[in-house]
J.: 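Structure provided below as structure tokens; questions to follow.
Whatever order the structure lists ligands and atoms in, that order sets their numbers, starting from 1. The shown structure was predicted, so the numbers you read here are calculated from the model rather than taken from an experiment.
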Amino acid sequence: MVDLRELIQRVSQAKDKLELQNLKSQFLGKNSQINKEFKKLGSLNENDRKIRASSLNNEKQKITEAIDNKFQELENSEINQKLQKNKVDVTLPARERPNGKIHPVSQVIDEISSIFSEIGFSVAEGPDVESEYNNFTALNTPEDHPARDMHDTFYLDKNKKILLRTHTSPVQIRTMLSGKAPFKIIVPGRTYRCDSDQTHAPMFHQLEGLHIDKDITMGHLKGCLDYFVKEFFEVKKIRMRFRPSHFPFTEPSAEVDIGYRLENGRIIVGEGDKWLEILGCGMVHPNVLKNAKVDPKKFQGYAFGMGIDRLAMLKYGINDLRSFFEADFRWLNYFGFDPLDVPTNYRGLSR
Ligand code: PHE
């Protein structure tokens with residue numbers, strides 16, 4: 001016979017879940033007393049069997065209930081102990097706001113990424129130290145091509161095989177070689193050219209865009225850039241012009257300028273009669289697609305490369321590009337952004 005009272009008492013005295021688990025298998029498992037009693041049912045006559053079965057089921061249910069209740073009780077006390085340990089003292093003073101500021105270039109990269117992610121671009125990256133092949137040759141810029149001189153390249157070895165990338169375009173090649181079309185990416189990153197004046201620095205930032213799919217046209221490129229520029233400058237209308245241009249890796253190619261005017265030395269975007277070039281773009285040259293193992297008969301698309309620093313200058317009225325890289329704390333304190341205020345499209349991009 002099963003001594004129900006004793007079993008239930010032992011359950012109620014279990015110290016932890018492990019002990020309870022052991023009791024459960026002892027009282028209800030295969031070799032438990034109650035299970036043995038169930039097995040004996042077969043030898044009884046029908047009437048006795050019914051009565052005995054119902055009382056056994058009743059006992060089994062009581063044991064199960066006792067175990068479940070005990071489990072809940074142990075669980076609750078565990079949670080309470082945890083809560084007790086992690087108690088937050090709400091009377092403590094708030095932490096001070098951080099002192100540092102986000103650099104305008106980082107801020108602008110976050111803003112741009114947010115804008116392009118809204119229309120399906122994902123972010124890709126590549127290394128600053130590149131091969132001459134990815135930076136030039138694969139981009140349809142052979143060794144004797146004049147465009148190579150224009151880039152004022154920093155080479156890192158005598159044979160001119162390794163260099164600091166002069167643009168983010170080599171990531172086009174890397175991306176296409178490591179995946180399968182279609183592609184829709186943006187690539188923010190550092191780029192280097194041996195050049196320095198008010199609007200040029202030896203290290204600067206570009207954002208590459210690449211959209212390869214079936215039937216992509218120059219119309220998509222214009223639509224995409226129009227959307228971007230308006231979102232970025234947070235205006236409904238902006239003066240923008242496409243100028244025919246040349247890049248070895250696009251055909252046709254264009255450069256895009258944005259209208260601005262100067263007011264008390266500050267740049268005001270969107271109006272006025274001055275133009276600032278912000279990006280180069282075009283339809284990806286079939287040779288580039290071939291070099292990147294994409295079939296130009298099936299796929300085509302556009303690419304663009306924009307100067308992030310210049311966009312930051314325009315948007316936030318910063319006049320000298322070189323100040324971006326001087327690490328002057330007063331400058332950063334003035335032009336920098338609140339680290340807790342991450343830009344998103346839906347909540348607003350800038351202050
Ligand atoms: N890589 C070019 C530059 O640095 C910009 C560009 C990118 C032009 C993609 C066309 C297409 O000037």
Side-chain angles (χ1 to χ4, degrees), residues 109 112 116 121 123-128 130-142 145-154 163-176 183-196 199-213 216-225 228-229 240-258 275-289 291-292 294 296 299-311 321:
I109 290 177
I112 297 177
F116 278 107
F121 284 82
V123 177
E125 276 181 321
D128 293 12
E130 249 310 350
S131 66
E132 166 273 337
Y133 179 79
N134 282 345
N135 195 82
F136 288 125
T137 311
L139 288 163
N140 199 34
T141 318
H145 200 287
R148 288 213 183 188
D149 299 335
M150 277 157 42
H151 275 210
D152 304 309
T153 311
F154 287 113
L163 44 76
L164 289 174
R165 65 178 176 191
T166 59
H167 50 181
T168 40
S169 302
V171 187
Q172 288 187 29
I173 304 295
R174 286 176 177 272
T175 303
M176 290 192 276
F183 301 100
K184 199 171 180 187
I185 52 147
I186 52 166
V187 184
R190 280 186 290 269
T191 46
Y192 305 83
R193 287 181 204 177
C194 188
D195 201 354
S196 183
T199 52
H200 295 89
M203 185 187 85
F204 55 105
H205 298 84
Q206 280 194 340
L207 183 108
E208 194 80 9
L210 176 72
H211 186 185
I212 303 287
D213 207 332
I216 296 289
T217 69
M218 198 94 179
H220 293 106
L221 168 63
K222 285 188 91 167
C224 168
L225 292 176
F228 164 73
V229 168
M240 188 161 90
R241 70 176 181 196
F242 282 70
R243 264 184 300 109
S245 182
H246 173 79
F247 299 101
F249 32 90
T250 46
E251 178 60 37
S253 306
E255 279 173 321
V256 175
D257 303 333
I258 272 193
W275 296 100
L276 190 76
E277 179 198 322
I278 56 156
L279 66 90
C281 60
M283 300 304 289
V284 178
H285 197 291
N287 288 348
V288 174
L289 294 175
N291 291 338
V294 174
F299 290 99
Q300 59 183 14
Y302 59 81
F304 55 82
M306 51 178 108
I308 293 178
D309 316 84
R310 292 205 178 170
L311 286 172
L321 179 66

J.: Would you call Arg241 and Asp257 a salt bridge, using N to O less than 4.0 angstrom?
T.: yes
J.: On the 0 to 90° scale, with breaks at 30° and 60°, tag the Phe121-Tyr302 ring pair as parallel, tilted or perpendicular.
T.: tilted
J.: Quick one: look at Met283 and ligand 1, take heavy-atom pairs under 4.0 Å, and tell me if it's side chain, backbone, both or neither.
T.: neither
J.: Under 6.0 Å from the NZ atom of Lys222, do we count more than 12 heavy atoms belonging to anything else shown?
T.: no
J.: For ligand 1, which atoms have a heavy atom of Cys281 less than 4.0 angstrom away?
T.: 8 (C), 10 (C), 11 (C)
J.: Does any N or O of ligand 1 fall below 3.5 Å from an N or O anywhere on Gln206, backbone included?
T.: yes
J.: Give the atom numbers and elements of ligand 1 that come within less than 4.0 Å of a heavy atom of Glu208.
T.: 7 (C), 9 (C)
J.: State whether Lys184 and Asp213 are salt-bridged, where the test is any N-O pair (Lys NZ or Arg NE/NH1/NH2 against Asp/Glu carboxylate O) under 4.0 Å.
T.: no
J.: Parallel, tilted or perpendicular: which one describes the rings of His246 and His145, with boundaries at 30° and 60°?
T.: parallel
J.: Under the side-chain contact (heavy atoms from CB on, under 4.5 Å) rule, what do Met176 and Leu289 come out as? Steps first, then yes or no, please.
T.: CA-CA 8 Å; Met176 290 192 276; Leu289 294 175; 3.9 Å; yes
J.: Under 4.0 Å, heavy-atom basis, I'd like to know which part of Phe304 is in contact with ligand 1: side chain, backbone, both or neither.
T.: backbone
J.: For ligand 1, which atoms have a heavy atom of Ala303 less than 4.0 angstrom away?
T.: 9 (C), 11 (C)
J.: Report the part of Ser169 in contact with ligand 1, treating N, CA, C, O as backbone and CB onward as side chain, heavy atoms under 4.0 Å; options are side chain, backbone, both, neither.
T.: side chain
J.: Could you check whether any heavy atom of Phe249 sits closer than 4.0 Å to an atom of ligand 1, since that is the contact criterion I want to use?
T.: yes
J.: Is a salt bridge present between Glu125 and Arg174, judged by a nitrogen-to-oxygen distance below 4.0 Å?
T.: no
J.: Quick check: Arg193 and ligand 1, any N/O pair under 3.5 Å apart?
T.: yes
J.: Under 3.5 Å between some N or O of ligand 1 and some N or O of His167?
T.: yes
